[in-house]
Every structure is written in structure tokens, then in C-alpha cells.
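Working notes, beginning with the structure itself.
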2 protein chains.
Amino acid sequence: MTTIKDISKVAGVSVTTVSRALNGYSDVNEETRKKILEIAKQLNYSPNTLARGLVMKKSQTIGLLVSGMNRESVKDNLTFQVLCGINECVSVRNYDLILFNTDSTRQREKTYTQLCRERKVDGVIIQGIKLDDPYLKEVMESDIPCVLVDIPVETNTVGYVTTDNVLGAKKAVEHLIELGHQNIAMVNGSNQAFVSKQRLKGYEIALKENGIKVKRNWIVDGEFKEEMAKEVVLSLLSSTPEITAIFCASDLMAMGALKACQEQGLVVPNDISIIGYDDILLASYVTPSLTTIKQDMFEMGYEAADLLVDMLEGKAKKRHRILETKLVQRESCTRI
Amino acid sequence: MTTIKDISKVAGVSVTTVSRALNGYSDVNEETRKKILEIAKQLNYSPNTLARGLVMKKSQTIGLLVSGMNRESVKDNLTFQVLCGINECVSVRNYDLILFNTDSTRQREKTYTQLCRERKVDGVIIQGIKLDDPYLKEVMESDIPCVLVDIPVETNTVGYVTTDNVLGAKKAVEHLIELGHQNIAMVNGSNQAFVSKQRLKGYEIALKENGIKVKRNWIVDGEFKEEMAKEVVLSLLSSTPEITAIFCASDLMAMGALKACQEQGLVVPNDISIIGYDDILLASYVTPSLTTIKQDMFEMGYEAADLLVDMLEGKAKKRHRILETKLVQRESCTRI
DNA sequence: GTGAAAGCGCTAACAT
DNA sequence: ATGTTAGCGCTTTCAC
């Protein structure tokens, strides 16, 4: 393995000069620089990032803490899309990505801070974390620059990227109301998820603004799972047959709701309208295809990485970015 | 940041002893070890992996070279599944993962070997690479331990994980033959993809073994893309209306074929049978749902990582692993 | 414009 | 069982 020492020998200069030349410092003779660059190329030199990181105390590396990379999480590739976005941005801005695992059997063996310090990552992006996750507390207390996806925490070192979930949910419910619906139920996700709280808020606002009373027992929890959503919708349908539309806090749950309706012999959208959230890939493939609120997860990832690097480089004016959502009309909703 | 030096001071021993104690060497007094461990905990010590990597010349890190992490690759989450599998295994076996980007704008700025050497990765997993990719040649010439997903290259330092694609394709075509089909076309992927060559072989073998003649003009190329497959199937249908079944080398292309048939007013499977390959998530959601050859990409990733770590630790008996495929019968094929 | 020297945090001979 | 010492490859004062 070639080192700067090797280069310095061949070039007949000191390692200092080699280092400076290679790093583009100005105080080095153009002749010398040229020669050094030449030799480095010939010797097929690549810098040792470990050594550099050791002395500079930073590694040009961003840590990635992702939950939802297990065998079960195949159905919604939201996580993957976020990953792709991060990957794209990070490579443009010349960082590498190191993947920390959070949901294996070895989980929680190391704390968040340990993970980061050991690897000397410059910053971290966290995705798929719940509000009650112990990591979250650590994040807020630590001084490691960090960007959260879909959790609005802002401190001196922590920022976040999210969509306007209140507005998104509001759009969904307003769409149903415009179609003439008044009896609108909601299948929410986890009550420990930030987005759930927000979407519930949007649901309530939309109803109130339109003079419709919010009924507590029309709001059920599907844990963001297809099967669970199916269950709760089944019981919802039997207990409150007067509902004509359901707003689901995720497409996956909307698919569960779809199944529940079909099982009850209800035709969607003729008998009952269903609107989802996310616009996952499957949304356009299920029958009937799902009307939904689209969020661009690729962009979410991209912006998260972009914000973090901005923060690292002291270019971030504000430490949060809010992305837009969009109503996508398909077949699962109709005028009453 | 606490270092072993800090610990050594507090404990009143040398850094060597601290190092040895922390790394579980046997030649250290139990009393001393206990005290050191205690102090390390109190001081909230975490080791600096950069420093360790620098001296040990290895980093307990596995590099990941993935193509297909861009905005377009959202439809088949095969890549993601492989990633999840790798991630799972790697964390069990106590390595971290570093993600190298290969298809950004900055692509090819650095060579494969540079990427690896700079980061001092112990080994690499490569996924989604084509046979004519310049990286591949480099891999074979380099001495960095490497496992390839779906490319059968084996050297002293390179191994691979794949499925038996010949057998898989054979299963698919035999299934069609059993259903009474004789006029079976094939939509293949890229001729620079290893799996394509194999699947073509399986197709030909199945036909020959059943006394059916292989017709060159019944074999078309869809570039593994849905749109492209639709195009070529459209022209196939008009030029050779006698075909009763199509074997597609991927589910995505099978979906394209499906669309082509529908556009031509053909009912699948009544008028024509279609069988895919992969068993992607969408396969069970399109209408009609796709009969296909399932490969378990999560396992593929898991085994790739497992094999690599075995190689790194000198435990690998053989440097390749072949996984099984399975026929999944759904609605897109029927008896003639 | 260039070099000598120190040091980042750690491991590993080689003593003792 | 423990300490001394050197050194991994790099950057960075400080001096010339």
C-alpha cells in the first residue's frame, strides 16, 4: 500500500509537502505539486481515511440509523426510497454512509452515542424511529449533529425533515367531504408515532371546519399494519354501519380496510369510500386502486441528507425542512 | 472523549494493560481487569475504531457496492430485500456496513479498489452489477475479499451467491409444458446479465427435453424493463400469433407482457399464459396475479454476508452458495 | 515554499 | 502479570 511517505521519498520532498500538495493547499510550488500528483498517480496512491480521520477527528462519514430493515418490512418500500434519496445526496456531497443496525437481536447492546463515537461519524440520519424509542432521548441529549426523518425535534445539533402531516390528512378528509361524505371514520397508526398524532389532528380540523362532529369511537388504531387494520375495520363496520368513508393513515392499512370491506360484501367505492396515505407502490395496483395522499420519500431522504451536510458545513439557516404532499385520485373514493 | 490513556491513569496501570483487559486477553489479573472494566464504564469509554483500524489494518467493516438505488428502481424492491438480508447477517456477526455509491453523477470517479482501500474495508459485497461492468474486472484482479450476488465468479478471494437460474427457468417452462403448452415464447432480460444467459439455457433445455424445437424469433429481449417488455411482446404477438404462453425472465417484464396482451384484447390466462420470475411483491397484486418462480432475495443477501464473513475468518469451505427457487402458482397460467 | 517534529488512539512486540 | 516502546498514516503547528 502506497503512503505519502513513499511518495515523499520518490519526490524527494517531505511528507508535509506531499500532504499539502495532495490536499490542494496554495502554499506549494506548482512544479512540486505537479510532480507529486504525478508520482501519486504512478504509485496508485489512495489516502488512508482511517489515519486522516484519526487526526482530524472526523471521518467524512454519515451514520444511518434505520429501523425497518427486516424480513417483514418488505411490503412498504418507503424505507428503501428514503435510503435511495439519502444515498443519492450523500454521494453528491462527497460523504460515505455507514449503516448501523437497530433491530437485530444484538439491538440495544450499544447506545446511540457509542455507535456514533466509535465510528467517528460526522453526523447521523435517523429513520423509522418511534417517539418512545430510547434512542430518541439520547439523540436530543447528545451533541452529535443529527437529522430525524418524520420526527420534529429541533435543538442546536438536531434537525428534521417531514411533510405537513396535518395538512395532508386535512386534504384527504376534505376530499371525502367534497365528495359528499359526512360519516367519515379514521384508521390511525400507532399512538407513539408522531405522524399519527398529526394526521389525527388534520382529520379533526377538516371535520370541524366543515361543521361535522368528531366521534371518538369512529377513530380506531391499526398499528400501521395491514392485518390489524382489517380487524379493526371489521369491527368498526359492524358497530357503526352508518359510516360511508374511511380515512386510513397509511396505504397498507387502507389495503387492510379494503379487504375488510370486501369480506363484508361491501363494494368499494360504491358502498364505502376509502382513502389512504403515503402512495406506496401497491396503491396503484390493488383493486380498486387507492386514492391517497402522496409523499415523496425519495425527496425526504435527499433533503434529510442535504440538511445534515448543510448543518455539518455550517450552511444551514434553519434546521428543519417541510415537504409537500399531494392528493392522488384513483378509484377507491366516489361521490356519495 | 475518554481514551484508554485516561483509563490507564485512573486505574494506575499502563495503556497496554488497559488494552489487553478491554480486549479480553487472558494474561491479565482478574482483579485488574475488573477494575479497568469498572472505570471504563464510569468514564463512559468507547473505543476509537479508526485508531484501532489504523494499527490493525482492518476495520471490521464490510463495503457494499450496490447499483440500483436511484429514483427509478422503486418498483422492484429486490435490491432492498438483499440489503435487508445483508444488514441482518452483518449485524449478527458484528460487522458494520459501509455503503459505496455506484450510480450517481460522481460515478466512476474512483475505482473499486480505491474505494475499498481508502476505507480499509475487510471485504465487499457487490449487488446489481452487470457482466460488462468495469468494476467486475477490477474485482477479479484485486485481492480484496469479495462476494458477488448473482454473478458466478470464483477466485481465491472472490466468491458468489446465486440461485440455480437454469433450473428455475426450466421449472417455469416445464410447468407451461405440463399445462399443455407447446408454443412458448421467452422474454429475456439483458444479454449482459448473467442470470439472463442462465435462464435462457433453462428455457432451451426444458423445450428440448420435451421434444419441442427452439425458435430463435420467439426469444425477445425486454431489458428487464416493464415498458420495453410490453413493446417487444406487442410485436411478438402480431408476428407470431400462434404462441400460447410466454416465459418472462422477470416479473416486471411479465407485467409488461400482461399489459401488451390486454392491449391486444387477449385475456390472460384464457387466451395466453404468462409466467414470470422473481416473485416480487407486485406479482400477487396485479390482475391476474402472476404465476412465477420465487427467489428469496432476503436469504440471498443474508447468505452473501455470511459467506463473506466466513471467508474473512477463514471458515469458508467453498466460496459459493447456490440457493433454491420455487414455483409459485397463481392465476396467470392455465391448461390449454 | 518547505521541513522537522509532535501527536491523534490504539495494538503489539519485547522486555521485565 | 505488567510496563516500555515503537509505529500505523496522516495533518498541523512552528521554524526556517
Side-chain angles (χ1 to χ4, degrees), chain A residues 1-40 43-61 96 113-122, chain B residues 1-40 43-61 96 113-122:
Chain A
M1 222 63 327
T2 322
T3 71
I4 52 170
K5 203 171 166 188
D6 300 327
I7 299 179
S8 77
K9 267 184 212 148
V10 177
V13 296
S14 72
V15 290
T16 315
T17 307
V18 176
S19 173
R20 279 198 282 244
L22 257 26
N23 289 304
Y25 279 59
S26 57
D27 59 347
V28 47
N29 189 304
E30 262 318 308
E31 288 291 295
T32 324
R33 178 197 307 285
K34 245 178 159 172
K35 190 165 70 178
I36 288 174
L37 254 36
E38 177 74 16
I39 295 171
L43 263 42
N44 198 12
Y45 169 77
S46 23
N48 183 331
T49 54
L50 297 187
R52 174 183 282 155
L54 182 58
V55 44
M56 310 244 289
K57 283 161 182 342
K58 64 191 296 290
S59 59
Q60 208 68 6
T61 306
D96 277 324
T113 338
Q114 274 175 327
L115 239 32
C116 297
R117 283 196 319 210
E118 284 187 10
R119 290 288 180 176
K120 290 279 169 291
V121 299
D122 302 339
Chain B
M1 222 63 332
T2 322
T3 71
I4 53 170
K5 204 169 164 189
D6 300 326
I7 299 180
S8 77
K9 267 183 214 148
V10 178
V13 296
S14 74
V15 290
T16 316
T17 308
V18 175
S19 175
R20 280 197 281 245
L22 256 27
N23 289 304
Y25 280 60
S26 57
D27 59 347
V28 46
N29 189 304
E30 263 316 309
E31 288 292 293
T32 322
R33 178 196 307 284
K34 244 175 157 173
K35 190 166 69 178
I36 289 174
L37 255 37
E38 177 73 14
I39 294 171
L43 263 42
N44 199 11
Y45 169 78
S46 23
N48 183 330
T49 56
L50 298 186
R52 173 184 282 155
L54 183 57
V55 43
M56 309 244 290
K57 284 163 183 337
K58 63 192 297 291
S59 60
Q60 208 67 8
T61 305
D96 277 325
T113 338
Q114 275 176 326
L115 238 33
C116 297
R117 285 195 318 210
E118 284 187 9
R119 290 289 180 173
K120 290 280 170 287
V121 299
D122 302 339

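Computed over heavy atoms, backbone and side chain alike; hydrogens, waters and symmetry mates excluded. Lettering of chains follows the sequences in order, A, B, ..., and the numbering in each one begins at 1.
- A heavy atom closer than 4.0 Å to some atom of DNA chain C occurs in B:S19, B:N23, B:Y25, these being the qualifying members of residues 17-34 of chain B.
- Identified under the salt bridge (Lys or Arg N to Asp or Glu O under 4.0 Å) test for residues 19-30 of chain B, with sequence neighbours left out: B:E30-B:R33.
- Nucleotides of DNA chain C lying under 4.0 Å from heavy atoms of chain B occupy a range whose first and last members, 5' to 3', are C:dG9 to C:dA13.
- Counting all heavy atoms, side chain and backbone alike, A:A21 lies closest to A:V28 at CA-CG1, 4.2 Å.
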List, one per line, each side-chain donor-acceptor pair under 3.5 Å for residues 47-58 of chain A, sequence neighbours excluded.
unit_1 : atom_1 : unit_2 : atom_2 : d
A:N48  : OD1    : A:L50  : N      : 2.8
A:N48  : OD1    : A:A51  : N      : 3.2
A:T49  : OG1    : B:E118 : O      : 2.4
A:R52  : NH2    : A:N23  : OD1    : 3.4
A:K58  : NZ     : A:Q60  : OE1    : 3.4

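- Remark: P of D:dC10 and CD of B:E118 are 10 Å apart, rounded to the nearest angstrom.
- Judged as a side chain to side chain donor-acceptor pair (under 3.5 Å), and not counting sequence neighbours, the contacts of A:S46 are B:R117.
- One end of the helix from C:dG1-D:dC16 to C:dT16-D:dA1 points its axis 40° away from the other end's axis, with each axis taken from 5 pairs and the angle rounded to 10°.
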Set out, line by line, the N/O atom pairs under 3.5 Å between protein and nucleotides 5-8 of chain D.
unit_1 : atom_1 : unit_2 : atom_2 : d
D:dC8  : O3'    : B:K57  : NZ     : 3.0

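- Scanning for side-chain contact (heavy atoms from CB on, under 4.5 Å) contacts around A:N29 gives A:E31, A:T32, with sequence neighbours left out.
- Defined by atom type and a distance below 3.5 Å, a donor-acceptor pair is present between the side-chain atoms of B:S14 and B:T17.
- Residues satisfying the side chain to side chain donor-acceptor pair (under 3.5 Å) criterion with A:S59, sequence neighbours excluded, are A:T61.
- Shown here are the side-chain contact (heavy atoms from CB on, under 4.5 Å) partners of B:I7, two or more places apart in sequence or in another chain: B:T2, B:V18, B:L22, B:I36, B:I39, B:A40, B:L43, B:Y45.
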